[in-house]
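Working notes, structure below.
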Amino acid sequence: MRILKKHDYGPVTGYEFGWSPVGRPLMTAYVYRIGPVLIDTAFAHVRKDIINILKADPPDSVFLTHHHEDHGGNASAIKKRFNVPVYGHRLTAQKLEKKYRILPYQRLIWGAGEPVEVTPFDDKWEGMGFTLVPVHAPGHSKDHTVYLETRNGWLFSGDIYLGDRIRYFRSDEKIADQITSIKKILSLDFEALFCGHNPRPEDGKKFLARKLAFLEDFYGNVAALAIKGMEEKEIMHTLNLTEDRFILWLCFGNVSMKHMVRSVIDSLMDQQHFPSMPP
Ligand SMILES: [Fe+2]
């Protein structure tokens, strides 16, 4: 099943893509367009669709929030087809300069991306009445970067929000870095939160603040028990944290609640002491 929707948010257009071999897609992914700029590129399974959309009015540059296959999956195809530069964090550039291994579930849900030359971007972009400023916001991934459009108060937030509450992490996500990044982002001046999967065009800051409260609460609860010497399983049982069995099965255990709990414990270990809250 394919989903392709166009959402108009004033001068911002959101293209929502979904794909699934059977039934409704578990998740859709958004590509945003402001003026000549495209932010993120969706995933390989919808490559023909996005190229067709862009044919009528090709972008003159592409910005990536991070390297994950549902954001950078068509960067190479768009760059080749329209001869446009692709910009991103230097870590995104490093990650995408050659083919990297993805897991079977990632190949099934999103498809494999292709290597692409990404130009490191750490300054601001200005044009057509817009100013786009990159803000490095690691935690979801090391390279994760959000883009603030300063004149209108739009934040293109990649995967930093996703929802007020979440139920699982990928194995490489870092909760303490996410908390630090969200605090940094909340100090910025914006209203609309253009999330890569769940846009909140109004009151975006309120929604992101709810996510921060959830993560801090989760961190504090898990840390309190870890400091007492409890192990992952016991912590999950005590806090009544359950796994989504389908997601666990589909992703071969790479996406789970256990990874959220483990991320708190890893953060405590990194600090070599057991404070109840992240720095
Ligand atoms: Fe991601």
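On a predicted model such as this, the values are computed, not experimentally measured, just so you know. Just so you know, ligand 1 is whichever comes first in the structure, and atom 1 is the first atom listed for that ligand. Computed over heavy atoms, backbone and side chain alike; hydrogens, waters and symmetry mates excluded.
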Side-chain polar contacts of residues 88-104 - donor-acceptor pairs under 3.5 angstrom, sequence neighbours left out - could you list them?
residue, atom, partner, partner atom, Å
His89, ND1, Leu91, N, 3.0
Thr92, OG1, Asp143, OD2, 2.8
Tyr100, OH, His67, O, 3.2

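Note: Tyr9 and Tyr32 have tilted aromatic rings, judged against thresholds of 30 and 60 degrees for the angle between ring planes.
Within the protein, the number of N, O or S atoms lying under 2.8 Å from the Fe ion (ligand 1) is 4.
The pair Glu232-Arg262 counts as a salt bridge, with a side-chain nitrogen and a carboxylate oxygen less than 4.0 angstrom apart.
His45 places a side-chain N or O within donor-acceptor distance of the main-chain N or O of Arg107, the cut-off being under 3.5 Å.
Screening residues 46-56 for salt bridge (charged side-chain N to carboxylate O under 4.0 Å, His left out) gives Arg2-Asp49, Arg47-Glu114 as the qualifying pairs, with residues at least two apart or on separate chains. The salt bridge (charged side-chain N to carboxylate O under 4.0 Å, His left out) analysis of residues 17-38, with sequence neighbours excluded, yields the pairs Arg33-Asp57.
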